[in-house]
Amino acid sequence: VKGMGRQVINWEGTYDTAGNALDEDTIVNIYLRMDVMAKAVVSGYRCIVSMACAWYLDSVWNDWQHFYSFDPQGNVTDPTQIKRILGGEVSNWGETIDPSNIFARVWPRAAAVAERLWSAQSVVNTDYALPRLHIFRCLLVQRGIPSAPLNNTAEGPLAPGACLWQ
């Protein structure tokens, strides 16, 4: 893989099993335990965060606020180690989606994660994020991308035509 100019990304279970025997250029995908990420970055490995408890889209009971509130740095505070956290991703297992629900499953929760990853670690207030995500959702809807309402509960969007008056 290295000879082809590619990077190896292994699940955290591989790191749990092999530890520091992995090639030093290996990227570890963290999806179950943040303590594994802390150990990996201390050992010099780079990581991508895709925690099942926080950023799996098939966890339909988790709203955008839950996604937004998750801290992808966990307990890592050393600046050198933080640089080894490359970013994060939302994930979804295919057996829970089809063409009828894929977009509503992704949006707006993936937008919440994107803002969280692109913002400073101190940007965590969901009340401040709400207006930005409302605008983003409306942009998606206006472009024909079916995005779930931010308050995806029994009462639905803010009002019929809510995107028209933003």
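Numbers for residues simply follow the sequence, beginning at 1.
Atom CD1 of Ile135 is separated from atom CG of Leu140 by 12.5 Å, given to the nearest 0.5 angstrom. Taking CD of Gln73 as the reference point, atom CD1 of Ile82 lies at 4.0 Å (rounded to 0.5 Å). A distance of 4.0 Å separates CE in Met34 from CZ in Phe70, rounded to the nearest 0.5 Å. To the nearest 0.5 Å, atoms CZ (Arg84) and CE (Met37) are separated by 12.0 Å. The structure places CZ of Phe136 at 10.5 Å from CG of Leu150, a figure rounded to the nearest 0.5 Å. The line from CD1 of Ile145 to CH2 of Trp107 is 7.5 Å long, rounded to the nearest 0.5 Å.
Here the side chains of Asp63 and Arg109 are not in contact, with every heavy-atom distance at 4.5 Å or above. Two residues are said to be in side-chain contact when any heavy atoms from C-beta on lie closer than 4.5 Å; Arg137 and Pro149 meet this criterion. Looking at heavy atoms from C-beta onward, Val8 lies out of side-chain contact with Ile27 at the 4.5 angstrom threshold. Gln65 places none of its side-chain heavy atoms less than 4.5 Å from the side chain of Leu130. When side chains are defined from C-beta on, Val90 does not count as touching Ser50, because their heavy atoms never get closer than 4.5 Å. Inter-residue side-chain proximity for Asp16 and Arg33 is flagged as met; some heavy-atom pair is nearer than 4.5 Å. Looking only at side-chain heavy atoms (C-beta outward), Ser43 and Tyr15 come within less than 4.5 Å of each other. Considering only heavy atoms from C-beta on, Asn29 comes within 4.5 Å of Glu89 through its side chain.
Judged purely by distance below 3.5 Å, without hydrogens or angles, the side chains of Asp25 and Gln7 never pair a donor atom with an acceptor atom. Between the side chains of Arg105 and Thr96, at least one donor-acceptor pair of N or O atoms lies under 3.5 Å.
A ring-centre distance under 6.0 Å is not found for Trp55 and Tyr31.
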Where do Ile48 and Ile9 land on the side-chain contact (heavy atoms from CB on, under 4.5 Å) test, with the steps shown first?
CA-CA 9 Å; Ile48 297 171; Ile9 302 176; 4.0 Å; yes
Verdict with reasoning, Arg116 to Asp71, per side-chain contact (heavy atoms from CB on, under 4.5 Å): CA-CA 8 Å; Arg116 189 71 168 96; Asp71 181 3; 3.7 Å; yes
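Residue-environment remark: CD (Glu95) exceeds the threshold of 12 foreign heavy atoms within 6.0 Å. In Asn75, the CG atom is not crowded: 12 or fewer heavy atoms of neighbouring residues, nucleotides or ligands sit closer than 6.0 Å.
Checked by atom type and distance alone, the side chain of Asn10 never pairs as donor or acceptor with a backbone atom of Val28 at under 3.5 Å.
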